[in-house]
Amino acid sequence: MSKKTVASLSAADISGKRALVRVDFNVPLDDQGNITDDTRIRAALPTIQDLTQKGAKVILASHFGRPKGVDEKLRLTPVAKRLSELLGQEVIKTDDSIGDEVAAKVATLQNGQVLLLENVRFYKEEEKNDPEFAQKLAANADFYVNDAFGTAHRAHASTEGVTKFLSPSVAGYLVEKELQYLQSAIENPQRPLAAIIGGSKVSSKIGVIETLLEKCDKLIIGGGMIFTFYKARGLNVGKSLVEEDKLELAKSLEAKAKERGVSLLLPTDVVLADNFAPDANSQTVSIENIPDGWMGLDIGPDSVKVFQAALADTKTVIWNGPMGVFEFDKFAAGTEAIAHTLAEIGKTGTTTIIGGGDSVAAVEKVGLADQMSHISTGGGASLELLEGKVLPGIAALDEA
Ligand SMILES: Nc1ncnc2c1ncn2[C@@H]1O[C@H](COP(=O)(O)OP(=O)(O)OP(=O)(O)O)[C@@H](O)[C@H]1O
Ligand SMILES: O=C(O)[C@H](O)COP(=O)(O)O
């Protein structure tokens with residue numbers, strides 16, 4: 001990575017200095033307000049601990065959800081509690097992200113102490129990347145660290161704007177690791193490189209499919225988007241999810257794959273449901289035999305075998321998006337089989353990268369997260385990086 005990193009800052013550089021650290025603590029909560037997955041909090045620990053060990057005063061900033069103004073349900077209080085447990089030290093929490101209360105608490109910070117600001121999105125200025133708001137955030141700190149990979153694709157005040165007011169502005173360990181895996185997978189991969197793209201709609205994955213067609217040797221497609229490809233081939237898809245306005249696009253992607261010599265694989269069979277429900281009646285058919293009135297919610301066992309064979313000799317695999325509606329147990333087998341396949345080929349040295357969002361949830365559901373080479377903490381951010389886009393939160397950091 002060509003960006004300056006937190007690792008390059010010595011204790012002599014930062015002891016006693018105030019670090020504004022942007023993290024992504026946008027974690028899921030249950031109905032009672034309990035954190036159901038603290039992965040993103042744990043992922044920020046190396047940076048926080050490095051800074052505290054070097055004697056910096058750490059001021060953490062994060063968004064939480066998409067509030068419109070102050071929202072009591074979207075305060076970062078449960079996050080502060082969890083972070084205190086994980087760090088084994090008290091995390092001071094403020095009720096605001098700027099202003100007098102914050103300044104007063106920051107003034108009392110000792111070297112190595114950690115403070116968490118309130119949800120920065122309580123101010124609409126955050127998402128507008130308002131320079132005045134960015135300046136107010138920066139006012140409490142001496143330098144800036146961005147470790148919020150999951151929000152690096154947003155040009156917001158706390159991810160981009162603050163860098164204009166703080167120096168140095170450096171990347172944290174999580175950002176460094178995410179870039180190292182995701183960038184090298186597309187720029188300099190061990191080949192053969194396979195990409196597995198799933199999820200609901202082709203429209204949300206066009207950019208990534210187009211970029212990956214330029215880079216990978218094999219492209220495996222699953223999830224709801226397969227039916228747009230089938231319909232474009234003239235097959236009956238029953239009442240499966242189809243984007244009628246993307247039929248031509250599906251045809252052109254298949255043509256492009258052929259032209260480039262990329263092997264584009266679609267499922268050969270699908271698991272159908274009579275309605276979109278966890279207890280729907282189901283049947284497995286080959287893709288030529290989808291009857292009217294049924295919808296495809298998973299890839300079938302034959303497809304799994306075909307995909308496994310295609311993946312067997314790969315050296316790098318990038319996976320983004322589930323193969324089916326894995327939230328319903330009855331339609332989770334295809335996604336789970338792919339997770340197991342990746343765990344298997346990982347044992348023989350293949351680099352396996354899971355690109356955020358629902359595919360991560362699926363890998364965690366089957367307990368295979370620790371068997372993957374890299375699990376991204378960013379859904380949208382990892383997708384944009386794989387699309388070859390510049391992430392504003394990274395671009396704004398100092399060059400190494
Ligand atoms: N055959 C299908 N029909 C309808 N929905 C499907 C089908 N297959 C998968 N899905 C749904 O697609 C959704 C995931 O799609 P999405 O494009 O958001 O994936 P993702 O990129 O992994 O997630 P994220 O957007 O969180 O990063 C899941 O909720 C899943 O139920
Ligand atoms: O969960 C995420 O993908 C990130 O925290 C970014 O959140 P956002 O999509 O609301 O900007």
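In each ligand, atom 1 is the first atom listed, and ligand 1 is the first ligand listed. Computed over heavy atoms, backbone and side chain alike; hydrogens, waters and symmetry mates excluded.
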Checklist entry - So, is G224 polar-close to ligand 1, with some N/O to N/O distance under 3.5 Å? => result yes
Checklist entry - Of the choices G324, P267, A332, which has the non-hydrogen atom that lies closest to atom 9 (C) of ligand 1? => result G324
Item to check | Where ligand 2 meets D24 - atom numbers and elements under 4.0 angstrom, heavy-atom basis | outcome: 4 (C), 5 (O)
Next on the checklist: Please check this pair: side chain of S303 against backbone of T268, looking for a donor-acceptor N/O pair closer than 3.5 Å.
Outcome noted: yes
Next on the checklist: Taking only non-hydrogen atoms of K205, do any sit less than 4.0 angstrom from ligand 1?
Outcome noted: yes
Checklist entry - So which heavy atom in the protein is nearest atom 31 (O) of ligand 1, and how far is it from that ligand atom? => result E327 OE1, 2.7 Å
Item to check | Nearest-neighbour protein heavy atom for atom 6 (C) of ligand 2, which is reported as residue plus atom name and distance | outcome: G150 O, 3.6 Å
Checklist outcome for this item: Quick note on ligand 2: atoms under 4.0 Å from a heavy atom of R66 include exactly 8 (P), 9 (O), 10 (O)
Checklist outcome for this item: Under 4.0 Å from one or more heavy atoms of G321, ligand 1 contributes atoms 22 (O)
Next on the checklist: Please list, in number order, the atoms of ligand 1 under 4.0 Å from a heavy atom of G296.
Outcome noted: 1 (N), 2 (C), 3 (N)
Checklist entry - Does the protein put a heavy atom less than 4.0 Å from atom 23 (O) of ligand 1? => result yes
Checklist entry - Do K365 side-chain atoms and F326 backbone N/O form a donor-acceptor pair below 3.5 Å? => result yes
Next on the checklist: Quick check: D298 and ligand 1, any N/O pair under 3.5 Å apart?
Outcome noted: no
Checklist entry - Which residue owns the protein heavy atom closest to atom 11 (C) of ligand 1, what's the atom, and how far is it? => result S200 CB, 4.0 Å
Checklist entry - Quick one: which ligand 2 atoms are inside 4.0 Å of a heavy atom on R154? => result 8 (P), 9 (O), 11 (O)
Next on the checklist: I need the nearest protein heavy-atom contact for atom 26 (O) of ligand 1: residue, atom name and distance, please.
Outcome noted: G357 CA, 3.4 Å
Checklist outcome for this item: Distance col, row C216:SG vs I318:CD1, nearest 0.5 angstrom, shows 7.5 Å
Item to check | Nearest-0.5 Å distance, CD1 of residue I59 to CG of residue L109 | outcome: 6.0 Å
Next on the checklist: Any side-chain to backbone donor/acceptor pair from S382 onto G355? Under 3.5 Å, distance only.
Outcome noted: yes
Item to check | Atom indices of ligand 2 within 4.0 angstrom of R121 heavy atoms, with elements | outcome: 8 (P), 10 (O), 11 (O)
Next on the checklist: Pairing donors with acceptors under 3.5 angstrom, does anything connect the side chains of K205 and N320?
Outcome noted: yes
Next on the checklist: For the CD atom on Q190, are there more than 12 heavy atoms of other groups (residues, nucleotides or ligands in this structure) within a distance under 6.0 Å?
Outcome noted: no
Next on the checklist: Test of understanding: given a 4.0 Å heavy-atom threshold, classify the contact between K201 and ligand 1 as side chain, backbone, both, or neither.
Outcome noted: neither
Checklist entry - So which heavy atom in the protein is nearest atom 7 (O) of ligand 2, and how far is it from that ligand atom? => result H63 NE2, 3.3 Å
Checklist outcome for this item: When distances are taken from atom 2 (C) of ligand 2, the protein heavy atom at minimum range is R40 NH2, 3.4 Å
Next on the checklist: When you measure from the heavy atoms of G379 to every atom of ligand 2, does any distance fall below 4.0 Å?
Outcome noted: no
Checklist entry - What part of E127, side chain, backbone, both or neither, has a heavy atom within less than 4.0 angstrom of ligand 2? => result neither
Checklist entry - Can you tell me if T341 and Q308 form a side-chain donor-acceptor pair at under 3.5 Å? => result yes
Next on the checklist: Only heavy atoms of N26, strictly under 4.0 Å: list the atoms of ligand 2 that pass.
Outcome noted: 1 (O), 2 (C), 4 (C), 5 (O), 7 (O)
Checklist entry - Among L117, V106, N140, L76, which one satisfies side chain to side chain contact (heavy atoms under 4.5 Å, CB included) with T94? => result L117
Next on the checklist: Check this for me, if you would: do R82 and E85 make a salt bridge, where the nitrogen-to-carboxylate-oxygen distance has to be below 4.0 angstrom?
Outcome noted: yes
Checklist entry - Taking all atoms of both residues into account, what is the closest heavy-atom pair of M323 and G198, and its distance? => result CE-CA, 4.1 Å
Checklist entry - For ligand 1, which atoms sit closer than 4.0 Å to a heavy atom of N320? => result 21 (O)
Next on the checklist: Between Y144 and F165 (judged by ring centroids, cut-off 6.0 Å), do the two rings come close enough to count as a pair?
Outcome noted: no
Checklist entry - Under the 3.5 angstrom rule, does the side chain of S240 hit a backbone N or O of M295 as a donor-acceptor pair? => result no
Next on the checklist: Closer than 4.0 Å to some heavy atom of S359 - which atoms of ligand 1 meet that?
Outcome noted: 22 (O)
Item to check | Candidate with minimal heavy-atom separation from atom 4 (C) of ligand 1, of V325, V271, D358 | outcome: V325
Next on the checklist: When you measure from the side chain of T228 to the backbone of V242, do you find a donor-acceptor pair of N or O atoms at a distance under 3.5 Å?
Outcome noted: no
Checklist entry - Which atoms of ligand 1 have any heavy atom of G223 under 4.0 Å away? => result 1 (N), 8 (N)
Checklist entry - Rounded to the nearest 0.5 Å, how far apart are CD1 of I353 and CD of E178? => result 10.0 Å
